[in-house]
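A quick write-up on the structure given underneath.
Here the structure is a predicted model, which means the values were calculated and not measured. All chains are named by letter (A, B, ...) in the order of the sequence lines, taking the proteins before the strands, and each is independently numbered beginning at 1.
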Amino acid sequence: MDYSNLNSEQLKAVMQTEGPVLILAGAGSGKTATMTHRIAHIIEQGEDPRSILAVTFTNKAAGEMRSRVSVLTPGIRGMWIMTFHALCLRMLRFHCELLGYKEGFTVYDETDKKALIKRIYKDLDYSEKEYPLASTIGRISKSKEQEIDPEEFLMQSSGWHDDKVVQAVYERYQEELMANNAMDFDDLLWNGVKLLENNPNVLRYYSERFKYVMVDEYQDTNYLQYKLIRMLASAHGNLCVVGDDDQCIYEWRGADIRNILDFENDYPDTVTIRLEQNYRSDGNILGLANSVIRNNKGRKSKSLWTDREAGEPVTYKRCDDEKLEAWYVTREIEEWRSKGLDYKDFAILYRKNALSRPFEEKLSFCGIPYRVLAGLRFYDRKEVKDVMSYLRLLENPDDDVAMLRVINEPKRGVGAKSLSNITQYAKAYNMSMYAALCEEEVRATLTKKSKAEVENFLEMIADLRREKENLTLGDLYDNMLNRSGYLNALEKANTIEADGRIENIMEFKSVIGAFEKGLDDGTIDEMLEEFEEERRALLGEGFRAEEPSALVTFLERITLMAEVDNHDANENAVVLMTLHGAKGLEFPVVFMPGLEAGVFPGASVIDDAAKMEEERRLCYVGITRAKKKLYITSASTRMMYGRTDYQMESPFLEEMDWSLMDGDKLNSERRTAGGGLRDEGGLLGEYFFGGRTLGTADGYSGQPKSRPFDSLSASARETESKAHLSQNFEIGDTLKHPKFGEGLLIAQDDKTMTIMFDSAGQKKIGKGYVKIEKIG
DNA sequence: CTCGTGTGCCTTTTT
DNA sequence: GGCACACGAG
């Protein structure tokens, strides 16, 4: 194999295959290349690929590693390169009966979890106001991460009423999960650990099999993941972990930075290798990153360096408000693009999703393609969750969360009263809702019409359950859509909203198609074949391993998928995402907006030293995403959650090395004595959009790079003036609204228009907020 | 039972 | 400002 691309430290990491190895890999230091070469090297040594386990946190990282390894060692199969959750899930699929689960168990995502806990609240008569759901869910999750079961929770609890509530919900939640034959994400890890801890023969099998264990992003492992890895690597002791304590940004989620800081104590005779040469960022960017992160205490000594040139200075821009900030960013993107960069070379990375809107508006206004990686995952949309719930029921009819989602969707006349009848019966006889519904006496409580519809629904499930072995996933899906009446109900609704849902349902169909045709790691048949091989090996060891079906495999894959996994680096669009989502990625030009106290760092952490350090690491992660050019911006006032607040500059700005920066100076407040925003006058054009100020140009920096909007495309300017003019309509005009569709203007004043929409009825629309077109 | 309107909430979120 | 959710009228 060719190792000539590797530097001496990387090479050392590749060759050190035996014993515990700690690779401290700074940002952009060629970590993935090192790991993939290491795997390839082990295989080249003649080791069985099946003896290799490489664990990551994201599907994306796993996929990347898999494909890069396959370039180095074509045709090699049998390694386990997957996320922690997928790893546990795979073992649990084979051995779930040892923990009391049934074959085909369901994995609940956060939405399912929330729905279930909500139901438990209702049952136990707790109010969400008094005991916020989010806090209860958080505490349950934290407990699970620490292996604290409901019983132990009780013993450790302070005895406060709040604790008792959480305890009661927690206990009930675990019971329900078990009854539904389901696990949540935390259970996957905990059950994975339990499986190995309680079953010495299982532990022996896997730990002996995995001669070489590797873990990526080790700084973000939590207690369970730590234990899991420790056990899996116990037989051979060849454990190689890669991480960067400066990039630990998930402590709030249970990640324990001590796992990496204490690794050398945990594993005596550890060989520690530092990858400190950064190949990603130009000198100024790296210098800035170092100037920020050095303010953290308690980090492993490490200094990133580069032999690249200093490059562009980092530009800081203090803007008047969030709209101007977005304009500024948009304009700089156009400016760079005119110099030959592509849209996909830019990323806008913010602290929280709520910051994305102004950027979306300005980008879309200027016709710049962009993609927001945030908010609702495709698979979290109501209609997608619904159709998935139908599919889930085919595999696991005990899944009450799925049942509750779809029993009355489409409407089958099963309301609160009927539901309560069904669930009470189910509870009394200790059965699932599906089982209860199968009882004639339960259905007898429904109205005649409703009874017939429910029976039709049950029959569909029974039929499809029988047929599922013989149908392709696509056919199964089509059958389900038609026979459930789900699609029909949406078609009948004939609203814009329903049309959107139908579109998503069809999109889901193409996801199924893609899955059947094959993904990056092979076709579905190859995957099932690999399962079968694993299973045979396990059977040979005396385990009774069940092979999961294609449907189960499909469903779990989607459940374990994250939004960032959808990021396609080849799509030519500006990317918008949170700083958390950006870890592991890189872009030629990065914008970091919202460097304001209360936004970044967030308001609640500013006087918590430990949390400030994590926040600072997040800042470090953001800076080190940039290869060529970094912009940092802030806004003097920002409207968020419907309120406009005055924003101080972020304390992180004070820590930065300003000799590496240009643009505005720190504390460059731009307010008039009266407290109002200073109109930068003269130079700046002011632009109106439906009577509101849209944007002013950069008049501050003394040497404006361009006249206002010169760098915006001609079509953007045209659209702008059109948008302005188009707000003047006359009564009787037929108008088109992007959301509500066509309608007739029946009244207006200077601020609003009253429109009678064909499908949405009469609405009052504020002028200048959305694009309204005249069509007749 | 379903639809409509009103109230409260609002970090970050690998899986 | 927007959305999800709870509650009240038909």
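- Rounded to whole Å, atom C1' of C:dA4 lies 12 Å from atom CG of A:Leu133.
- For the ring pair (Phe, Tyr, Trp, His ring centres under 6.0 Å) test, residues two or more places apart in sequence or in another chain that qualify with A:Phe57 are A:Phe84.
- Remark: C1' of C:dA4 and CG of A:Asp380 are 14 Å apart, rounded to the nearest angstrom.
- There is no side-chain donor-acceptor pair under 3.5 Å between A:Glu596 and A:Ser650.
- Between A:Thr136 and A:Tyr121, the side chains place a donor N or O and an acceptor N or O closer than 3.5 Å (distance only, hydrogens not considered).
- As judged by a 4.0 angstrom heavy-atom cut-off over every strand, A:Arg643 is placed among residues making no nucleic acid contact.
- Contact annotation for A:Met639: backbone-only contact, meaning every heavy-atom pair under 4.0 Å involves sugar-phosphate atoms and none involves a base.
- Rounded to whole Å, the distance from NE2 on A:His85 to P on B:dT13 is 16 Å.
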Show the distances under 3.5 angstrom between N or O atoms of the protein and N or O atoms of nucleotides 6-12 of chain B.
residue	atom	partner	partner atom	Å
B:dT11	OP1	A:Tyr641	OH	3.3
B:dT12	OP1	A:Asn353	N	3.3
B:dT12	O4'	A:Arg351	NH2	3.1
B:dT12	O2	A:Arg351	NH2	2.3

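- For the pair A:Ile137 CD1 and B:dT13 C1', the computed distance is 13 Å after rounding to whole Å.
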N/O to N/O distances under 3.5 Å, protein versus nucleotides 1-3 of chain B:
residue	atom	partner	partner atom	Å
B:dC1	OP1	A:Gly413	O	3.4
B:dC1	OP1	A:Gly415	N	2.1
B:dC1	OP2	A:Ala416	N	3.0
B:dC1	OP2	A:Lys417	N	3.4

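- Side-chain contact, A:Tyr108 with A:Asn180: a donor N or O sits under 3.5 Å from an acceptor N or O.
- In summary, the side chains of A:Tyr173 and A:Asp184 do present a donor paired with an acceptor at a separation below 3.5 Å, with no hydrogens or angles considered.
- A donor-acceptor pair shorter than 3.5 Å can be found between the side chains of A:Asp186 and A:Ser141.
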